[in-house]
Amino acid sequence: MKKEEIKILLIEKSDIIRKGLSVLLIEKNNTPLSIEQYNGDGDLLHYIHHASPKILIASPSFFDQNKKQISALKEKYQLLLVGLIYAFQDPDSLSSLDALIYINDRAEKVQATINELLKSYPTMNTHSSNEPLSSREKEILKLLVNGNTTKQIATALHISPHTVNAHRKNIMRKLDIKTVSGLTIYAVLNNIITLKEA
Amino acid sequence: MDLKIIAANDILANVIHSNYRVLVVLDRMGIKLGFDNKTIEQITRENNINTGAFLIILNIFCNNNYIPDVGKNFEFIPDFLRYLKSSHHYFLNEKIPAIQQNIHKLVYHLHDSRTDLVESFYNKYIEEVTEHMDYENETVFPYIEDIYDVFLKKSTISSPMAEYDISIYGEHHDDIEDVLKDLKNILIRHLPQKEQGKTRRIVLQQLFELESDLYSHTRIEDEVLIPLVKELENDLRPLISMT
Ligand SMILES: [Fe+2]
Ligand SMILES: [Fe+2]
């Protein structure tokens, strides 16, 4: 599969800093990046909308001034926020950011920061795969739609609640069904449980 | 997809040509067709609709990537409420029952007792959505109207904010689309392939329409209405404590 290009929007007034950082990011990065630059003139919202970036790099004060819209964006599009820091910052104001780039960072450090961030980038393929449910998963599905809690399932199968959760997530991902009543319908249609049990 | 932001001097007829689904938005705002080559600004003025509020509704409806910025435009509030209320009416009295009828038809003709579950699944969903929208109609919207009246100085400062506050709504505002997504997938992937292909296709198309309509509806509530009312509460709070 072709690697998807990751869009970065770079918001910074200074031409020197903005263009310099942009060159650093493009250099020697094995993930295809496309960098949009914005110098602060004109309608920013319009700009963000057109660029539809996955990563936003800007000063902490920019994030602070546009808190509401940024948090809406972050939630909806899993947008990653990177603070560009060139003065002392209150650590509290940085806690909502995903990574930080300092103005004194060496080139390798900046690239490493972005690479690290890209590794945590949620995978694009969130839709169900064509793997069938394993027999273990069917067993867990059966207990789940019969109204058992994660803890009860764990006890019954002698596994940890953590493992039950992982199985449950996989079941929901494979079937692309997120509610328990939806899973019940699936289980009945596929004779995993009987209509009486449902 | 690179969608253009709709602006006040755009010709409304052209907007419809580029996305016919906005017809329901016009309907909800009481705009009648037959408006020639008039711009959005002209039409909204003639219909006593706030142009800025209308543009935000339209852009959210047409474009999932659009980020609204309402600032402190409190004068948008009445038109947002009007849109949300008439959408509720449309969902509860038009779209959701129409889908219910088709699901009944689909299940009835499948002659398989197991598929009855699909119908009860949808009926449970109707209960959930009705409860959600009733709460908004009966508690949230009247509260907003009350504090907007205080803002307009139409009513004295008797502080409706003493008992309620928009963050209560914000925190409990559930997603009402998950169940629809599951239902779509059950129809697309899991229901046995028998006849009734046509009804099944119609139900699916209706579910897709309802889901995207509900999605933009919820965005107006979460990203426009709640932040705007929060700003209004912040502005009113000092006035109230003075009395
Ligand atoms: Fe609503
Ligand atoms: Fe709602």
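The shown structure was predicted, so the numbers you read here are calculated from the model rather than taken from an experiment. Naming: A, B, ... by sequence-line order, numbering from 1 per chain. We use all heavy atoms of the structure for the numbers below, so side chains are in, but hydrogens, waters and symmetry mates are not.
Side-chain N/O atoms of B:Asp182 and A:Thr179 include a donor and acceptor closer than 3.5 Å.
Taking CZ of B:Arg189 as the start and CG of A:Asp176 as the end, the distance is 5.0 Å to the nearest 0.5 Å. Atom OG1 of residue B:Thr115 and atom CD1 of residue A:Ile185 lie 9.5 Å apart, to the nearest 0.5 angstrom.
In B:Tyr108, the OH atom is not crowded: 12 or fewer heavy atoms of neighbouring residues, nucleotides or ligands sit closer than 6.0 Å. Other residues, nucleotides and ligands place more than 12 heavy atoms under 6.0 Å from the CD atom of B:Glu145. More than 12 heavy atoms of other shown residues, nucleotides or ligands fall within 6.0 angstrom of atom NZ in B:Lys181. Within 6.0 Å of the CD1 atom in A:Ile103, the count of heavy atoms belonging to other residues, nucleotides or ligands exceeds 12. Few gaps surround CD on B:Glu128; more than 12 heavy atoms of other groups in view lie less than 6.0 Å from it.
If you measure heavy-atom distances from B:Lys184 to chain A, you find no contacts under 4.5 Å at all. The parts of B:Leu191 that come within reach of chain A are both its backbone and its side chain, each placing non-hydrogen atoms under 4.5 angstrom from that chain. Neither the backbone nor the side chain of B:Ser120 comes within less than 4.5 Å of any heavy atom in chain A.
Pairing each heavy atom of B:Phe121 with each of A:Ser181, the nearest pair is CE1-OG, 3.2 Å. Taking both residues in full, the closest heavy atoms of A:Leu189 and B:Arg114 are given as O-NH1, 3.0 Å, listed atom of the first, atom of the second, then distance.
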| request: Dump the intermediate steps for side chain to side chain contact (heavy atoms under 4.5 Å, CB included) on A:Leu175 and B:His190, then the final yes or no. | output: CA-CA 9 Å; A:Leu175 303 177; B:His190 306 300; 4.1 Å; yes

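Judged purely by atom type and a 3.5 angstrom limit, B:Asn185 has no side-chain atom pairing as donor or acceptor with the backbone of A:Ile177.
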